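Written below as structure tokens is the structure these notes are about.
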Amino acid sequence: MNSNGLRDQIAGVGVAELAREYGTPLYAYDAEMIRRRCRDLAAWDTVRFAQKACSNLAVLDLIRRAGVLVDAVSTGEIHRALAAGYTAHADRAADPTGLPPAHPIVYTADIFDRESLDAVAKLGIHVNCGSSDMLEQLAERVPGASVTLRVNPGFGHGHSQKTNTGGEGSKHGIWHEEIPDVLRRAEWAGLCVTGLHMHIGSGTDLAHLAEVAGALERVALEIGRSLTTISAGGGLPVPYKPGEVHADLSGYFTLWDATRRKLEQTFGHRIRLEIEPGRYLTAESGFLVTEVRAIKKQGGRKYTLVDAGFNTLARPVLYGAYHPMSLCPADDAAAQQLEDVAVGGPLCESGDIFTQTDGGFVATRALPRAQVGDYLVIEIAGAYGFVMASNYNSKPLPAEVLLDGGKARLVRKRQTPEDLVRGETV
Ligand code: LLP
């Protein structure tokens, strides 16, 4: 995007060309940006992608090739991971550094539905348990299994109350004060606790995340020497708004590395250090390309209406989330002047506004003056974008393309009207 809010290319491919070839709305991902974000985290022993952020098979395959492992929160996500080339089991060969082997796929949840319990038992997938009921259900099916405990440290933080996963207000994880009892239950069930995981929320900041290291260390000492892996969870922030900057990741790693080293000294063996980002790896790679279809004035406010709605990108209506926007005019000469507009979509619902603040208040954005037929690009949409899209108003899910080396590749077809009614009967 240039400083006037205009953009004619994404990762070296023309916006208008993409729109003409694949139609709009369209999600486009910049492969090189994903690779770069994977490289940023190379200091960690394991980077585990929280695929819930963006689980297209081509993205998972790219991330796997970048040496990143994967988290799965459902049978569907396990299926995706396998389809993208991940193996279910760890290779038991010792790591040359003496680190314990990493599990390629970890199932993380607070419950097993019957399908996911069957899948992890059948495939031998490592489980990160967020409730003690899960421990007992797993022990029945996989006697002697090794497990990770997801612990709620009693505090949390997120960009919205809806993405805060710690404290009494959150259903997630095993409550930190329950650990002694849960360890007794795990031992009784014959399970071995090898992993400890804390994830306090999504879209938080490093100051809050840094508090987790101390809390995890305390719980690790309660678990004791069976522990071989600790996970800092996800939640790494991404700059969405003008003026926001990337967080100091090397300082964050140093803090966790020190925690890991202390535990290694206490236990007398190596500890694998994991991080589990979703947003950080894919948010900035993603662009939602839409077409401007109507422009209208409601009293003093001007609305630009595009062909994507909260069925395509739900973050603004759910959290009042801010996404940068840019315009690609159909006619090169147009659109030099900025004007304040509200941007909305096609749905029959007033909340279908991309420029809204938390609580559903319609705001405006200074954007280049648009005309019907121009393309509006909603940016930093690669995390929790397509994956949260729906068929509301019987709208088809959009296509997804991966941009690499100046070329676009279709990695998911737009849904058809037939897809919308598949499986239904009269
Ligand atoms: N690990 C666990 C156990 C999680 O629950 C999550 C996110 C992550 C890792 C990755 O968090 P991240 O690094 O992406 O912040 N739909 C919301 C975000 C919900 C996140 C749910 N869990 C949004 O659009 O902001």
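Small disclaimer: the values here were computed from a predicted structure and weren't measured. Atom set for the values below is all heavy atoms of this structure, side chains included, hydrogens, waters and symmetry mates excluded. By convention here, the first residue in the shown sequence is residue 1. Whatever order the structure lists them in is the order used to number ligands and atoms, beginning at 1.
Applying side-chain hydrogen bond (donor to acceptor under 3.5 Å, both in side chains) to Glu276 and the options His197, Arg48, His199 leaves one that passes, His197. For the side-chain hydrogen bond (donor to acceptor under 3.5 Å, both in side chains) with His172, the lone residue among Asp110, Asn164, Asn152 that qualifies is Asp110.
Nearest-heavy-atom check against atom 13 (O) of ligand 1 across Gly233, Gly235, Ala53 picks out Gly235. Closest heavy-atom approach to atom 9 (C) of ligand 1 within the set His197, Glu276, Arg150: this belongs to Glu276.
Annotation: Tyr280 places no N or O atom under 3.5 Å from an N or O atom of ligand 1; distance criterion only. Between Thr108 and ligand 1, not a single N/O pair is under 3.5 Å apart. No N or O atom of Gly201 sits closer than 3.5 Å to an N or O atom of ligand 1.
For atom 5 (O) of ligand 1, the closest non-hydrogen atom on the protein side is Lys52 NZ, 3.3 Å.
Using cut-offs of 30° and 60° on the angle between ring planes, the pair His269 and Phe267 is tilted.
Under the 3.5 Å distance criterion, with hydrogens and angles disregarded, no donor-acceptor pair is assigned to the side chains of His159 and Ser202. One side chain, Tyr107 or Ser116, offers a donor N or O that lies under 3.5 Å from an acceptor on the other.
Pro324 is listed as a side-chain neighbour of Ile380, based on a closest heavy-atom distance under 4.5 Å.
Counting heavy atoms under 4.0 Å from ligand 1, residue Tyr319 touches it through the side chain alone. Contacts between Ser202 and ligand 1, counted as non-hydrogen atom pairs separated by less than 4.0 Å, involve both the backbone and the side chain.
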